[in-house]
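Worksheet: the structure to be examined is printed underneath.
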Amino acid sequence: MTEALRVAIRGWCAWAPDRSTRAAWRAWAGAPAMPDDAPPPALPMMLRRRTSPIGQKLIAAALACGDAAHTARYVLASGHGELARTVGIIDSLRQGELPSPAEFSLSVHHGLAGLLSIHTGNRRGHTALAAGPDSFGFGLLEAAASVAETPSEPVLLLYADAPMPDEYAPFRTEADEVLPLVVALALGPADGEGEGLALRCAPATGGPPAASTALDFMRFLLSGAPRASSHGGRLDWVWHRAD
């Protein structure tokens, strides 16, 4: 098992079809309601026009994390990315039509992070990654490693996935059944403000991966449990409250 990385969660926002507020997420995790249980902010019309439904939820979740959207480095993690856009582009080419430049620019894996950075004027830069069922786990690992490397620079982890399009239905797995899902986490050094957590990982012990490591983490974060883990495709992810 790796040495623990320690970070602090300074803010969070998440969205699922049946959990659109912090109050709903806390109720799902069995945690008491808190005064900050307001819904994410509405997006400006220009952003709504340019983004897909899952993109709208991700950007709204990022903006709900407050200053982090404007000042933090972004880590974007997604297993499928904007795959529906890519399928649409392929269909256009198959029919002999030129794809929309806007659709193409937002179909690349880091497109949403770029759009968010333009909207917020954030020039910190960003990292985008995809790792199948381990996408959230590796995203959180990258975000925590970034905080450890540069404690003075906060990090905003952005995770979003939607089910694979109908054209890829034969390749859907159990993980697609819990999608769509969005999670945004504002991270900073563990010796600062926020709730301190320690993160570890180890080679996967075998067997099918958990339906959603992101959901496993959110239940741990909100429930107040001292320790939790999630079985991934390549690694097992272990989290506990920092001492």
Side-chain angles (χ1 to χ4, degrees), residues 2 5-15 40-41 43-44 46-48 50-52 54-83 85-86 101-132 134-162 181-197 199 201 213-214 217 221 235 237:
T2 61
L5 284 171
R6 297 178 182 273
V7 296
I9 305 297
R10 294 179 170 177
W12 67 274
C13 184
W15 175 88
L43 294 185
M46 184 61 70
L47 278 178
R48 293 203 301 271
R50 296 193 63 186
T51 50
S52 64
I54 192 71
Q56 292 175 17
K57 300 302 183 183
L58 179 64
I59 291 179
L63 295 176
C65 290
D67 289 344
H70 300 266
T71 61
R73 179 177 180 82
Y74 302 154
V75 173
L76 173 67
S78 178
H80 301 332
E82 293 270 38
L83 186 56
R85 289 186 187 271
T86 304
E103 285 292 296
F104 176 77
S105 66
L106 288 172
S107 70
V108 296
H109 200 69
H110 65 171
L112 288 173
L115 187 62
L116 176 63
S117 67
I118 292 171
H119 174 68
T120 59
N122 186 333
R123 298 185 179 183
R124 290 281 192 177
H126 60 260
T127 301
L129 58 90
D134 287 312
S135 293
F136 176 83
F138 276 111
L140 183 57
L141 181 64
E142 172 69 20
S146 296
V147 170
E149 182 179 39
T150 312
S152 61
E153 184 175 85
V155 176
L156 181 60
L157 172 63
L158 305 171
Y159 169 78
D161 257 324
L181 177 63
V182 165
V183 175
L185 300 172
L187 282 71
D191 57 353
E193 62 178 292
E195 182 170 9
L197 304 178
L199 322 172
C201 59
T213 295
F217 178 83
L221 177 66
L235 295 173
W237 307 97

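All heavy atoms count here, side chains included; hydrogens, waters and symmetry mates do not.
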* Structure fact -> Between the CD atom in Glu195 and the CD1 atom in Ile9, the distance rounded to the nearest 0.5 Å is 8.0 Å
* Structure fact -> The residue among Thr127, Leu156, Leu157, Thr150 that forms side chain to side chain contact (heavy atoms under 4.5 Å, CB included) with Arg73 is Thr127
* Structure fact -> Taken to the nearest 0.5 Å, the spacing of Arg85 CZ from Leu106 CG works out to 4.5 Å
* Option from Trp15, Tyr159, Phe136 for which side chain to side chain contact (heavy atoms under 4.5 Å, CB included) with Leu181 holds -> Tyr159
* Quick one: does Val75's side chain get under 4.5 Å of Leu187's, heavy atoms only? -> no
* Say you draw a straight line from NE2 of His119 to CD1 of Ile59; how long is it, rounded to the nearest 0.5 Å? -> 8.0 Å
* To do: Could you tell me whether the side chain of Leu63 reaches within less than 4.5 Å of the side chain of Thr120, counting heavy atoms only?
  => yes
* Asked: Taking His109 for the side chain and Leu76 for the main chain, is one N or O donor matched with an acceptor at less than 3.5 Å?
  -> no
* For the residue pair Leu112 and Leu158, establish whether any side-chain heavy-atom pair is separated by less than 4.5 Å. => no
* For Arg124 and Ser117, does a side-chain donor sit closer than 3.5 Å to a side-chain acceptor? -> no
* His70 side chain reached by Cys65 side chain, heavy atoms, under 4.5 Å -> no
* Rounded to the nearest 0.5 Å, what separation is found between the OG1 atom of Thr51 and the CG atom of Leu58? -> 9.5 Å
* In Å and rounded to the nearest 0.5 Å, what is the CD to CG distance from Glu149 to Leu5? -> 11.5 Å
* Roughly how far, to the nearest 0.5 Å, is CG of Leu140 from OG1 of Thr213? -> 10.0 Å
* Do the side chains of Leu221 and Leu197 get nearer than 4.5 Å, heavy atoms only? -> yes
* Asked: If we only count heavy atoms from C-beta on, is the Val183 to Phe217 side-chain gap below 4.5 Å?
  -> no
* May I ask you to decide if Ala77's main-chain N or O and Ser135's side chain share a donor-acceptor pair within less than 3.5 Å? => no
* Steps toward side chain to side chain contact (heavy atoms under 4.5 Å, CB included) verdict (Val7, Val155) -> CA-CA 10 Å; Val7 296; Val155 176; over 6 Å; no
* Asked: Which heavy atom in Ala131 sits nearest to a heavy atom in Phe138, and how many Å separate them?
  -> CB-CD1, 3.6 Å
* pair Glu82-Ile54: side-chain heavy atoms closer than 4.5 Å -> yes
